[in-house]
Structure formats: C-alpha cells, structure tokens
Peer 1: 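Have a look at this one.
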Amino acid sequence: MKLLLVLMSSLSLVDADSDVIGSDKPVTVTVGDNVILPCHLEPPFNVRNLTVEWKRGETIVHIYTNRKDDPRLQDKNFRGRTSLFHEEMIRGNISLKLTSITELDAGSYTCFVPKLQSQVRKGFVNLTVEPVEQKKDKGSPTHKNNRQPENVGNDTAAIIGIAVVIIAGTVISFVVVLWGLCRNTRQEDNVWANVGSNVGANVLSNVWANVGSNVGANVGSNVGDNVERMPMLKINTRQEDNPETNVGSSDGASKDNAEDNDVETKL
C-alpha cells in the first residue's frame, strides 16, 4: 500500500506543472477576527500527497505533511489557530485559515510546496492588522471575499435588528403625532364650544335686555299719558256736574228774587 502511495506521488510530481500563486493585494483584518490567507496552484493540481509549509519570515506557522497537519514544529503563538482546507487541496487550494488575530500576526506570509516540480513553488501574502477601534478596510476585496459564514450571519442579524428598531420608532412617532393632532382637535372643539356658548349667552342677554327696556318704555309712556289725561277727565266731570248745580242755583236765585219782588209789591 505504501509502495502504491509512493508511486502515485511520483507520478504526480512528474505531471506537476503548476505554479504557486499567493495574493498581490494585502489582506486587512481587525484584531480578534478570523482571516483566510489565499494561496493556490495554477493550473489546479492535487497536493494532498505533498508537503505544504506556511511561514512568516523564519517562523513556522503551519506544516502539512504525510496527508495530515503536523504541529510539532509549529511556533507556539500559532498553535490551535491555523488550519488548511483539506477537501480543497485536491483542486490545488492551500489557503491558510488563521483565527483570533492579534497585532503580532501582522507581516508577510509565504506558502511553499517544496516537492513541487515547478519554477514557482512559493506564494506570498501580506497581512495587515488593525486595532479594534479602527474601522475595517472596506476597500480590500480580498478581505471581503474571505469573510466567514458566522460573521455574515451576525451581520444579517444586526441588520434585521436595526430594521426592527427603525420600524418600531417610525410607528411610535406616527402614533405620537396622531395623538397630538387628535388632542389639538379636541381643544379646538372645546374653544369653539365655549365661544359659541358665550356668544349665545350675550345675544340672548342683549335680546331680553332690549325687550325689557322696550316694554318698560312703552308701559312707562302709557302710564304717563294716562296720568296726564286724568286731570282733564276730572275737570270734564266737574263741568258735567256743574250745569245741574248752576241750574239749581239759578232757579233758587230766581225764586228768591221773585219772592223779594212780591214783598216789595205788597208793601
């Protein structure tokens, strides 16, 4: 079995005519995040039977050999934080995933396939690490393409939360405005009701005042006329009573005169 694997490995080496390609653009990441340092073979070539080394300067970051990862020579600062995509290695993908980034991780990385029979067996990737308070470099397409699924899920949840807050705020604002309009309308109705009642009361009071004054004036004038007419009525009444008195007195006087004349005659 081992002989067969060695034979297959030898055949792969003979047929190998691929170059190791890194990234010509820097990869930017923030402290605490995860990042993928891209590296692949072009044209695609199965490297699962080959040795793959990742270094930062002279520091060994990750070693893959004998179809598995070998942490024995790995620097202690990278232990437990690096991994390759084993299922993708059959298509020449030897990208390195680095988790829990620190500022010490910044630098130039090299992906190296020692047994590859090609003129280009190394690829280079430059990693830039930013502090947490500094915004991420949105202009780095490599970083965008290397975002992890869990980060995408967190971003989606955050967007949904923000949308819910905005919608709730809009609804609350609409309710407050509507309530204010209704309150103002009620106040206006009360004002107009008060105005109407005051106007009505003033109009009625003025009407009844005019009626009272007119009635009083008419009654007073009628009473005054009747009072002025009463002496005339008395005078007329006396005059109507006096003719009889005058007649009586005249008759008495005539009789007295007649008697006096008779006395004189007799004498």
Side-chain angles (χ1 to χ4, degrees), residues 18-42 44-45 47-48 50-65 67-116 118 120-163:
S18 299
D19 294 335
V20 178
I21 308 297
S23 176
D24 56 350
K25 296 181 180 179
V27 176
T28 303
V29 67
T30 303
V31 172
D33 287 349
N34 303 332
V35 69
I36 295 176
L37 304 180
C39 190
H40 66 282
L41 273 69
E42 186 66 35
F45 176 71
V47 293
R48 293 192 67 178
L50 301 180
T51 297
V52 177
E53 296 179 0
W54 274 90
K55 292 182 179 182
R56 188 193 63 188
E58 297 298 326
T59 302
I60 297 177
V61 177
H62 189 91
I63 292 180
Y64 172 88
T65 185
R67 299 177 62 88
K68 63 180 180 180
D69 299 321
D70 186 1
R72 292 176 299 176
L73 299 177
Q74 186 180 28
D75 186 84
K76 62 180 181 179
N77 292 328
F78 292 98
R79 287 179 184 175
R81 299 197 298 127
T82 61
S83 61
L84 299 178
F85 300 92
H86 294 174
E87 296 180 356
E88 296 292 327
M89 294 180 71
I90 60 175
R91 288 182 286 272
N93 184 3
I94 55 174
S95 299
L96 178 72
K97 180 179 180 180
L98 182 59
T99 62
S100 302
I101 295 296
T102 68
E103 293 183 353
L104 298 177
D105 295 333
S108 179
Y109 288 76
T110 303
C111 53
F112 177 46
V113 183
K115 297 181 181 181
L116 184 66
S118 172
V120 181
R121 293 180 293 176
K122 292 183 180 181
F124 302 93
V125 181
N126 187 33
L127 177 64
T128 302
V129 179
E130 295 180 347
V132 175
E133 63 273 9
Q134 188 174 351
K135 293 183 179 180
K136 295 181 179 181
D137 185 7
K138 296 182 179 180
S140 176
T142 305
H143 179 60
K144 289 184 177 180
N145 293 334
N146 294 332
R147 292 179 64 184
Q148 301 304 308
E150 59 269 22
N151 292 337
V152 175
N154 293 336
D155 293 343
T156 303
I159 293 172
I160 293 174
I162 293 172

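Note that the structure is a prediction, hence the values are computed from the model and not measured.
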Peer 1: To the nearest 0.5 Å, how far apart are CD1 in I90 and CZ in F85?
Peer 2: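 Reported value, rounded in 0.5 Å steps: 14.5 Å.
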Peer 1: Quick one: CG on L41 to CD1 on I21, what's the gap to the nearest 0.5 Å?
Peer 2: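 These two atoms lie 8.0 Å from each other.
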Peer 1: Pair M89, V52 - check side-chain contact (heavy atoms from CB on, under 4.5 Å), show working.
Peer 2: CA-CA 10 Å; M89 294 180 71; V52 177; 4.0 Å; yes
Peer 1: Can you see which heavy atom on R67 is nearest to which on R48, and at what distance?
Peer 2: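 So the two residues come closest at CG-O, 3.4 Å.
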Peer 1: According to ring-ring contact (aromatic ring centres under 6.0 Å, His included), who are the partners of Y64, at least two apart in sequence or on a separate chain?
Peer 2: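 If we apply the ring-ring contact (aromatic ring centres under 6.0 Å, His included) test to Y64, skipping adjacent residues, the hits are H86.
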Peer 1: For the NE2 atom of H62 and the CG atom of D75, what is their distance to the nearest 0.5 Å?
Peer 2: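 Between atom NE2 of H62 and atom CG of D75 there are 13.5 Å.
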Peer 1: State, yes or no, whether a side-chain contact exists between R121 and F112 at a heavy-atom distance under 4.5 Å.
Peer 2: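 Yes; the side chains approach each other to less than 4.5 Å.
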Peer 1: What are the two closest non-hydrogen atoms of T82 and L96, and how far apart are they?
Peer 2: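 The answer is CB-CD1, 3.9 Å.
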Peer 1: Tell me whether S95 contacts the main-chain N or O of C39 through its side chain, where contact means a donor paired with an acceptor under 3.5 Å.
Peer 2: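 Side chain of S95 to backbone of C39: a pair is present.
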Peer 1: For C111 and I94, work out which heavy atoms get closest and say how close.
Peer 2: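 Nearest heavy atoms, C111 then I94: CB-CD1, 4.4 Å.
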Peer 1: Which value, rounded to the nearest 0.5 Å, describes the distance between D33 atom CG and I101 atom CD1?
Peer 2: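 Separation between the atoms: 8.0 Å.
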Peer 1: So, does S118 use its side chain to make a donor-acceptor pair with the main chain of S18 at under 3.5 Å?
Peer 2: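 Pair found, side chain donor or acceptor close to backbone of S18.
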Peer 1: What distance separates L98 CG from L127 CG, expressed to the nearest 0.5 Å?
Peer 2: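 Nearest 0.5 Å value for the CG-CG distance: 7.0 Å.
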Peer 1: Would you sort out whether V29 and E130 count as a side-chain contact (heavy atoms from CB on, under 4.5 Å), showing the intermediate values?
Peer 2: CA-CA 6 Å; V29 67; E130 295 180 347; over 6 Å; no
Peer 1: Does any N or O in the side chain of Q74 come within less than 3.5 Å of the main-chain N or O of F78, such that one atom is a donor and the other an acceptor?
Peer 2: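 Between the backbone of F78 and the side chain of Q74 there is a qualifying donor-acceptor contact (under 3.5 Å).
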Peer 1: With rounding to the nearest 0.5 Å, note down the distance linking CZ in R81 to CG in N34.
Peer 2: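 One gets 9.5 Å once the value is rounded to the nearest 0.5 Å.
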Peer 1: For a side-chain contact (heavy atoms from CB on, under 4.5 Å) with V113, tell me which candidate from V20, D19, T51, V120 qualifies.
Peer 2: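 By the side-chain contact (heavy atoms from CB on, under 4.5 Å) criterion, V113 pairs with just one of V20, D19, T51, V120: V20.
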Peer 1: Is it the case that over 12 heavy atoms from other parts of the model lie below 6.0 angstrom from the CZ atom of R72?
Peer 2: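 No, CZ of R72 has 12 or fewer neighbouring heavy atoms, counting only those of other groups under 6.0 Å.
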Peer 1: Does any non-hydrogen side-chain atom of V35 lie less than 4.5 Å from one of V27?
Peer 2: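 V27 vs V35: side chains touch.
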Peer 1: For P26 and T128, work out which heavy atoms get closest and say how close.
Peer 2: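 Minimum heavy-atom separation between P26 and T128: CB-OG1, 4.4 Å.
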Peer 1: Considering only heavy atoms from C-beta outward, does the side chain of I60 approach that of I63 to under 4.5 Å?
Peer 2: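 Yes, side chains in contact.
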Peer 1: Does L37 offer a backbone N or O that forms a donor-acceptor pair with the side chain of W54 under 3.5 Å?
Peer 2: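 Here the side-chain-to-backbone pair does not exist.
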Peer 1: Output yes when a side-chain donor or acceptor of R56 lies under 3.5 Å from a complementary backbone atom of G107, and no otherwise.
Peer 2: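 Not at all, since once roles are kept as given, no pair shorter than 3.5 Å links the two residues.
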